[in-house]
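Worksheet: the structure to be examined is printed underneath.
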Amino acid sequence: MTKEWDAETYARNFNFVPEYGQALIDILAPQAGEKILDLGCGPGALTAELAAKGCVVTGVDADANMIALAQKTYPNITFLRRDGHSLNLGVQFDAVFSNAALHWMKLDDVFPQVAKALRKGGRFVAEMGGFGNIGTIENAIYTALDKLGFNRADFPLPWHFPTTAEAAQKLEQAGMEVRYTHLYDRPTLLSDETGGVRGWVKMFGRAFVEKIPSLQQDKFLQLIETEVRPHLFKDGKWYADYRRFHFVGVKK
Ligand code: BEZ
């Protein structure tokens, strides 16, 4: 079982996550007074933006550290520790919003939960990693594991990036009409604070790092860095090969 998130470091150094989430807020087009659920809210920066627009927001996240930090930072907003696979909130929302979280969840289980949490006609507006997201980093992780003599089967992927067709089919299956999809490449600058590609793997790939004996972890990160450098290091800066998937579903 992967450890909880280092929420403070995430909020301080990986703030490109909520910064890029602005585009998703535009797609949501929230109206004052709307009841909105932020699914996988992390430290709550975007939940707070929705609240500032006059929405009645609830932020949920499965991670205790993320929820504790969100509650501490934004004491006037409701944040609950809830797993997206079993939301059981007992309330219906005008919209469910989710930024950069769904790729950690099982869509087959989460989409029906979202449908249950929406009123009829309510919208589900989300961004997640799309098919092929961080393909260069993913390949380098497995190449490094090979080089260190580990068995790939012992290191299953902790994320899933669906194709457009797969996500659309699952939305329909859960009782939502697919109104909009957009898959696009978005190379993402990893600022010095993130620690470049090593820092990225330490934060987001900790399911891999934690399984490697501590004496070999530095070598693992170094092998990844060497493998991706020709592709992801440009003009002295590191980029992650993000590929984003936006979608809007409406509850039937
Ligand atoms: C993302 O696309 O936001 C992402 C994917 C995998 C790990 C971390 C972040």
Side-chain angles (χ1 to χ4, degrees), residues 1-25 27-28 38-47 59-63 65-66 84 97-107 110 125-145 152 155-164 166-167 181-191 193-212 220-221 224-225 227-228 231-232 238-247:
M1 177 96 176
T2 308
K3 276 197 247 144
E4 308 256 286
W5 286 86
D6 176 353
E8 301 269 354
T9 305
Y10 179 91
R12 192 175 52 249
N13 296 346
F14 292 82
N15 52 357
F16 65 79
V17 179
E19 278 167 15
Y20 275 115
Q22 295 301 328
L24 195 65
I25 293 189
I27 295 173
L28 175 68
D38 183 359
L39 173 58
C41 63
L46 292 177
T47 329
V60 293
D61 202 288
D63 188 89
N65 291 345
M66 290 292 194
F97 172 87
S98 185
N99 180 54
L102 290 167
H103 40 251
W104 302 108
M105 305 180 203
K106 291 189 171 52
L107 301 185
V110 174
V125 177
E127 170 177 328
M128 64 186 299
F131 188 74
N133 190 44
I134 56 151
T136 309
I137 298 177
E138 205 176 278
N139 284 336
I141 287 173
Y142 283 106
T143 302
L145 289 171
R152 286 182 179 217
F155 292 82
L157 284 171
W159 47 65
H160 175 64
F161 308 124
T163 62
T164 301
E166 178 194 342
T181 62
H182 185 206
L183 176 68
Y184 64 100
D185 291 319
R186 193 200 69 200
T188 297
L189 176 68
L190 300 174
S191 64
E193 294 76 44
T194 65
V197 81
R198 281 183 188 232
W200 189 96
V201 173
K202 279 203 261 181
M203 174 59 66
F204 295 111
R206 66 196 197 293
F208 297 98
V209 178
E210 281 168 16
K211 280 194 185 168
I212 293 174
F220 175 62
L221 295 170
I224 294 169
E225 192 181 76
E227 184 76 18
V228 302
H231 312 285
L232 302 182
W238 283 104
Y239 293 83
D241 55 333
Y242 275 22
R243 176 180 259 208
R244 312 317 290 168
F245 178 49
H246 288 178
F247 65 80

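In listed order, ligands and their atoms are each counted from 1.
Residue W159 has at least one heavy-atom neighbour below 4.0 Å for each of these atoms of ligand 1: 6 (C), 7 (C). Per-residue contacts place Y242 under 4.0 angstrom from the following atoms of ligand 1 (heavy atoms of the residue considered): 3 (O), 9 (C). Counting the atoms of ligand 1 from 1 in the order shown, those under 4.0 Å from a heavy atom of F161 are 5 (C), 6 (C). The contact set between ligand 1 and N133, taken as ligand atoms under 4.0 Å from a residue heavy atom, comprises 1 (C), 2 (O), 5 (C).
Between F155 and F208, the ring planes lie parallel to each other; the angle is under 30°, not in the 30° to 60° tilted range. Using cut-offs of 30° and 60° on the angle between ring planes, the pair W104 and F204 is parallel. Ring-plane geometry between F247 and F245 is classed as tilted, the angle between the planes lying from 30 to 60 degrees on a 0 to 90 degree scale.
Side-chain contact between T47 and F97 is absent, with no heavy-atom pair separated by less than 4.5 Å.
Distance from atom 1 (C) of ligand 1 to its nearest protein heavy atom, with residue and atom name: H103 CE1, 3.2 Å. Closest protein heavy atom to atom 2 (O) of ligand 1: R244 NH1, 2.5 Å.
Contacts of M128 with ligand 1, taken as heavy-atom pairs under 4.0 Å, are absent altogether. The part of W200 lying near ligand 1 is the side chain, judged by heavy-atom distances below 4.0 Å.
The cationic group of R244 does not satisfy the cation-pi geometry with Y20, failing either the under 6.0 Å distance to the six-membered ring centre or the 45° limit from the ring axis.
A donor-acceptor contact closer than 3.5 angstrom is absent between the side chains of W238 and E225.
Of the N or O atoms in W104, none lie within a sub-3.5 Å distance of an N or O in ligand 1.
Atom NZ of residue K211 and atom CZ of residue R206 lie 13.0 Å apart, to the nearest 0.5 angstrom.
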